[in-house]
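Per chain, numbering begins at 1; letters A, B, ... match sequence-line order.
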Amino acid sequence: MFFSYPLPGHLSRRSVLRHLAAAGGTAFTLPLAGCLEEPQPALRVATNQWLGYEPLYIAREQGLFTADQITLIEFTSASAIMRAMRNGNTEVAALTLDETLRLQADGLDLVVLWPADLSNGGDSLILHADHNLQPPWQHMRLGIEVGAVGHYFLYRLHQKLSLPRGLFDILPLPAGEHESAFLSGHVDAVITFEPMRSHLLRAGGIEAFSSRQLPGEIADVIVTTRHVAAQRLDDLRLLAQGWFAARTMLINQTPTVLEHLADRQKLTGSETRAALKGILWPDLHEALDLIRNPGEGLARTIEHLEDYLLETRVLKTRRGHGSLLDLDVSAHVLSEFTPR
Amino acid sequence: MISLRFALPLVVVIATMIPLIISHLILLPRQEQRTDLMAQETLRHEITRLQESVEILVRDTGPEQVRTAFGAVGTLEGLQSALLVDDTGTIVAASALELIGQPWRNGLSSPLVERIESMAPRRGLVLQPLENHTLLGYAPICGWSPDSMREDRCGFLVLHITYRLAWEQATLFYHEQLFAFAAASGVGALLLFAILHFGLTMRLGYLNSVITRFQAGNLWVRPSLSGNDEVAQLSAELSDMLDTVAENDANLRKVIRVIEQSPSAVTIVDAEGRIEYANHAALARYGALSVEVGRQAPLFDYAADDDRVQQALSRALAMGDDWDGELQRRVDKNGEPVWDRVTVHPLRDERGLITNFIISETDVTEFKRASAARTNLERQLRHVQKMETLGRLAGGVAHDFNNILTPISGYAQMVLDSTDPEDKNHRRLERILNGVRRARDLVGQLLVVSRKGEQDLIPVDLAGPVREAVDLMRASATADLRVEFYADPGLWPVLADPSRIHQVVMNLCTNAGQAIGQRSGLISVALENMIHDASNDPPDWQGGAGVSSGAAVLSSGRYVRLTIEDNGPGMSPDIAERIFEPFFTTKKAEGGSGMGLSIVDGIVSQLGGRITVYSEPGLGTAFRIYLPAADTGISSSDPDVTPAPTSPPSLPVGQGECLLLVDDEPENLAALGEYLTNCGYRVKAIADPLIALETVKAAPNDFDLLITDFAMPGLQGDQLALAVKTWRPTMPVVMISGFSSKVTRWNREVFGVDAFVPKPIELPLLRQTLYDLLHPPTAS
């Protein structure tokens, strides 16, 4: 023989073994890598039916995040939200500032991510139409959600209208029961908020006092614990991105968004537009400004709320806004889409 | 190297075991942790749900309703104990009814009590993992206080559950999964082993055996795996590849055989000229030692003998060019030089660099000899062609000249016959007739030169005429000139005209004697038998001033060689080249006609022989004449030769016989007609042979004799004679012609010609011939 011809290189035994080993390695490495990586559970966000939190649902509806990424839990009362936060059943909550301070007083290390909205008429005192619109409202059965913003509203109502203590017969009533209790006559009045406010007004209730008369005092915020803020930054950024995108749609009153909102809140179109006027949604810069400025914005509101909570002995000592408002955290969460 | 059929299943097993081990080390604890977290999450939701329910019931209803609602907690899976404690520390509801109303510390073990006491200040839910997959959950219960207008803690809730069963189920499920995975992997490994063994390893082994057999030299073996899978495709491709390899191998072997068996000596040398390969011819030519691998190629040794060759070769090799040339390598055993045609061709690699040279040496000695012979043959052929041309020219001139001489001769003879011998014109007329005879002789010589001269060929022993000529030469030679003669005994006969042979010898000997001149000299004349081999033609002359004439190629056979040599001054090659040309002479002053050797050449050529001359200035000249030996025996006389008519004392005259004279030349016709009429004959002269034919046909008995020319337009003389003989068989026919070679004996016999008189006609001869034919001797 003049020549000898080995097997083609790509078919040699050594080559076959090498390729099979690589394939085998890939076959068990890939699933293993999948097993080693623990799937991240969805970020839970607890809300109630307050109209001011609707951007969250609009964002979900618009596909700005999915249920696998962020799960919205809608409770029937703020108390339930606070309980979920205390018990660790949710990572993020949408609460009013006073509710947030109450939770903080219970030992939770909370931080405000961004201010969601300011109530500018969205919270109201609704009376049956057979009652006088003006005081005195002696022994009027008043339903409020105790331990929540309704309590602060009542406190401020007394102050604003110079009402005497013990004027009302207070009936603790979760927000989810406001409408039924009012319509059934179980209460004469109720301190409630949108969308129950619009429902009750449509049912013949009359509005005696509203948060329009307490400008800047009732603020809703998106809060979480500092631990979650550190661990779930990507999810929080996604949540914030969805929030502000949906807020823009809401402000622009995009027809499909309004339609969806009306369906969800069981409002008519006119009721929806009227209800939206009672809520102010700060944009990104306004939100950061509300957090940033000491002595103004949320910081000032916190001071007022701490006065109230100290007076009602919910708080034993004043903690100040420093622990709750942390611009670094907020800016970090909002930085992904903050215009630079 | 481990076999593939074992290696791959082993890889599969290992690949299975590794994730199993990793799963056991990493994933199982994580699974357990996940189970713990799931249990905690479940408990967290249950406590939260229970906490909310209890707070609503506490707000809206009394303790009984709370206790009733709390009883539902007993359905919680894995519940160990559940307590609802009021702000006084009394159990108001429990999973065990007997505990109601007791201090809460009585309802739990001490460790649990300590843990709960550490949780109690909290407002939120607290979960505490305990041993043996149990969990302790604590949640405060708050209620609305109208007095303080706030929610105050009014009790707490404790749940103690175990999730061992869920944990064990989860672990069991996990282990079952691992076992199933391992079992599936094992089965998979076995299956893979079987598939690899039967589907891959065995078949690859078969292909490997085919390759091994092929490599061992069995070029006809081919794989024959069926199917459409990759191995079958590999088999088919391997088969194709082996076909190609076998074909290439066969071609390569063929190429190697071509090189090995090449008659040329082929050597392959490296860039420095060292031998890497030598074929059989090179080994045979130089010997094994001279072309040993690593030695300098012999070419460079013997090229070094020639500076010019060596420089050219070195320059070509340095430039990377081909080189070819002829080199005289050595001399053969006879001392003759041996020539090689050598080519040196560089071999380049893919980068263009010269790696080797191929040297091919071919012995071209025979070729060179044959080439030289061919050159000589061509020169000889040219000479023959030239002589043929001259011969045709001379023949044509002779024919026409004869026709011109015929009326001159005729009329001069007529005038002479009618002139008184004493008349001064009688002598002038005789001189005219003498001039005509000399002209006739010259024409005769020209006809010989042109190979058209008449020769009566008979088998002749050349010794006779040659000896006669030699004797005649000796008689006329001076005392200083010696003429020797030798003849082989038993010479083969030659078909020739003895008189012409005599003429040849006389011409050559006379030339030799004149060349020797007054000096003493020797002329050798020899006759020898020889057998000629055409492959050695020309037989015996090389070098010097060699010229040959006669037959271009002398075919193989028996020959008689006539050699005439002298030791005279010889000839230069220039002269030797031209000696056979008519009218070429170096003896103009001595009155040489330049026709002697031309005649010799013409005679020899007519006999189918060949003449060669070798002359060297100062040494002498040798003529060799080769005449083919005849197959027949020697005749003492030629029966076909017409005996020369014996002339009567006076020329006979006619007695009024009627002669039919036919000649296409009007001058000839008129002169002959008048002459014959004067001689007493009645002459009917006709220029057109066809008219003559019609005339005879019309009245055959009117004519006593026919005289006809040979070459005539429309009808040749022999054909006319034949036709006349048809109608008048007894009529004598006399043919006249200036082209005697065309009028052969065959012409005369077949066509009934009774006598032939050549042109220019010698009138007395014609008169005597006519008389003889018209007056044949009677039988008595």
Checklist entry - Can you pull out the residues in residues 78-88 of chain A with any heavy atom less than 4.5 Å from chain B? => result Ala80(A), Arg83(A), Arg86(A), Asn87(A), Gly88(A)

Checklist entry - Glu55(B) versus chain A, heavy atoms under 4.5 Å apart: side chain, backbone, both or neither? => result side chain

Checklist outcome for this item: Across all chains, not counting sequence neighbours, the side-chain contact (heavy atoms from CB on, under 4.5 Å) partners of Ala82(B) are Phe70(B), Val73(B), Leu79(B), Ser95(B), Leu159(B)

Checklist entry - In chain order, what residues pass the salt bridge (charged side-chain N to carboxylate O under 4.0 Å, His left out) check against Glu311(A), with sequence neighbours excluded? => result Arg165(A)

Checklist entry - Which residues pass the ring-ring contact (aromatic ring centres under 6.0 Å, His included) test with His45(B), sequence neighbours left out? => result none

May I ask you to check whether over 12 heavy atoms, not counting those of [X], lie within 6.0 Å of atom [atom1]?
X	atom1	value
Asn228(B)	CG	no
His158(A)	NE2	yes
Glu230(B)	CD	no

